[in-house]
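Within every chain, numbering begins at 1; the chains are lettered A, B, ... in the order of the sequence lines, protein sequences first and strands thereafter.
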There are 2 protein chains.
Amino acid sequence: MAEKTIYSVQSVERSLNLLEAIAGCENGIRIKDLAERENLHLSTAHRLVSLLEHRGYVEQEPESKKYFLGMKVLQLQGYLFKSRRLNDVAAQELKRIVYSLGETTHLAVLSEDSVVYIESLEGVGSVISRAPIGKKVHIYSTALGKALTAWKPQDEVERILHRTEMAPKTPNTITDVQAYLNELSKVKLNGYAVDRQEHSMISCCIAAPIRDHRNEVVAAVSVSCPAHDFTKESEDRIVRELMSTAYNISVKLGYSH
Amino acid sequence: MAEKTIYSVQSVERSLNLLEAIAGCENGIRIKDLAERENLHLSTAHRLVSLLEHRGYVEQEPESKKYFLGMKVLQLQGYLFKSRRLNDVAAQELKRIVYSLGETTHLAVLSEDSVVYIESLEGVGSVISRAPIGKKVHIYSTALGKALTAWKPQDEVERILHRTEMAPKTPNTITDVQAYLNELSKVKLNGYAVDRQEHSMISCCIAAPIRDHRNEVVAAVSVSCPAHDFTKESEDRIVRELMSTAYNISVKLGYSH
DNA sequence: TAGTCAATATCATATTATGAAATAAGGGGA
DNA sequence: TCCCCTTATTTCATAATATGATATTGACTA
């Protein structure tokens, strides 16, 4: 928590702002609009974006002149997995879950205030489709979110929630900070988190934390299953599989407590 | 092709260099080594990397002080519009291939000089394992590379090859620019590309181009199969499936020629 | 064909990023 | 336990660099 001094390098910050702005534009954006939106002079925006383009971070569609996010990002992402070892280690285990349970599974980490999917495997014939890798969801309505935050310091969780609008996704969604914190106590007690149609009416989800050598929760695995199949029995079966999977992955990451 | 002037913004370029350097370090890297490697003064490197850290692009492991790629990259990837649309659209079709052929399939795009995998599905019980998403491979030894470059202007392909060391991966690898260009003519004639143990002795691979509304090749799908199973019959069967898959995806992307 | 709007390029200048040097924080050895 | 050495972090004056104004090019429309 010890606050580090924050350095500012104007041109770099502007570049990152531009990159993220372009990233957020599904249909691309023209340089002029971009400059306006970011309050930059046209020539400045153009110079910075040209550089990003040259480096492959953004691409310009020749005919519309609109800028889109570039494929370089994918390459970076490829390195991310390698560097984190998580994926390599987790891939085998996820496959095993899918084979044994036939349900869709996800691997996710916490990034800033969000749950970010970093791997997913769709159950053969499963009704629940996998989330695209890189997708962000809120912490408050998902089992993964609960599993990823349950062991964090409470004040940190509160801070995240205060920055988040806890809009109800379904009638079951937890929309109250205190209620969420209570839920987290249960998660810690059980060792796993459950989403009972809180994110979507069609599915329920169970998630378990993955820990590294420091005993820190660094990721979480989940299994989703159709709400109408979610009985006490299936829940127990999934929990058993999931906990052992999460444990195996943790051990491979160096966890030994 | 008209050469654009390349702008340079020192601090931004340095930041991107640092980001990419960190990305390439599987085991993380300390600021001092990073500064040395990039020929930057320690304080400059530190300032820039701190900024990247603050923005979530890199993360510093507290005890070792080493820097790793951050999770922000995943969020960006989630925004990758083109590829996401591509992924959504392609996912269904890839699944179909896996079901019908039982072989591992890949979806890739060209980024800079490389083939980059953006989606992969492993065939149930297949010997060929899927490449990790984000992985880069050279264009000259893979069916995907051929499919992605065959319809590009020849001079562009030549330029890529001249920047690439065409090292033989197997005795079958094409290591000569002219031979590769000839191969591309065949690809264009057939409408699909084949790798006959050119990248690895254990597998063969067939790839077909995916086009968008402009008729441009924007991606390619491939099916890999064990070399010993690669008969004329299996080739035909795969080609048939693959071509219709590539066509379906193209149509969904707006292709209509 | 002229006129408009947006993208791209050039360039002098002031702002900003820089490197040097100081400080803080660990970590290992005596 | 304490000291020394290494490395991370911070500060700050200055020169180099990024900036915005302006000019040019190009594409589209009426």
Task: Phosphate OP1/OP2 of D:dA16: any B:Q10 side-chain N/O under 4.0 Å - done: no

Open item on the list: Reading DNA chain D from 5' onward, which residue's closest nucleotide shows up sooner: A:H41 or A:Y7?
Closed with: A:Y7

Task: Under 3.5 Å donor-acceptor pair, A:T44 side-chain atoms to D:dA18 base atoms - done: no

Open item on the list: At less than 4.0 Å, is any side-chain N or O atom of B:R14 found next to OP1 or OP2 of C:dT18? Yes or no.
Closed with: yes

- [ ] Starting from the 5' end of DNA chain C, give me the residue, B:S43 or A:K32, whose nearest nucleotide shows up first.
- [x] A:K32

Task: Separation of D:dT17 P from B:E13 CD (nearest whole Å) - done: 12 Å

- [ ] Compute the ring centroids of B:Y7 and A:H54, then answer whether they are less than 6.0 Å apart.
- [x] no

- [ ] Take the protein atom CG of B:L40 and the nucleotide atom C1' of D:dA8, then report the distance between them rounded to whole Å.
- [x] 16 Å

TODO: Just compare D:dT19, C:dA17, C:dT8 and give me whichever is closest to any side-chain atom of A:Q60.
DONE: C:dT8

Open item on the list: I'd like to know if A:D155 pairs up with A:R159 as an ion pair, taking the criterion as any Lys NZ or Arg NE/NH1/NH2 lying under 4.0 Å from an Asp or Glu carboxylate oxygen.
Closed with: yes

Open item on the list: Mind checking if B:R30 touches a base, just sugar-phosphate, or nothing, with heavy atoms under 4.0 Å?
Closed with: sugar-phosphate

Task: Gap between atoms CG and P, on B:L51 and C:dT16 respectively (whole Å) - done: 15 Å

Task: Atom-to-atom span, CG of A:L48 to P of C:dA17 - whole angstrom - done: 11 Å

- [ ] Could you tell me whether A:K146 and A:E183 make a salt bridge, using a distance below 4.0 angstrom between a side-chain N and a carboxylate O?
- [x] yes

TODO: Determine: side-chain N/O of A:K65 to OP1/OP2 of C:dA7, distance under 4.0 Å, yes or no.
DONE: no

Task: Spacing between A:H54 atom NE2 and C:dA9 atom C1', to the nearest angstrom - done: 16 Å

Task: Salt-bridge criterion met for A:E119 and B:R130 (N-O under 4.0 Å) - done: yes

Open item on the list: Counting C-beta onward and ignoring hydrogens, is there a side-chain heavy-atom pair between B:H138 and B:M166 closer than 4.5 Å?
Closed with: no

Task: Under 4.0 angstrom between A:R47 side-chain N/O and D:dT19 OP1 or OP2 - done: yes

Open item on the list: Side chain of A:H46 only, heavy atoms from C-beta on: which candidate in C:dT16, C:dT18, C:dT8 is closest?
Closed with: C:dT8

Task: Interatomic distance where CD1 belongs to B:I31 and C1' belongs to D:dT10 [whole Å] - done: 14 Å

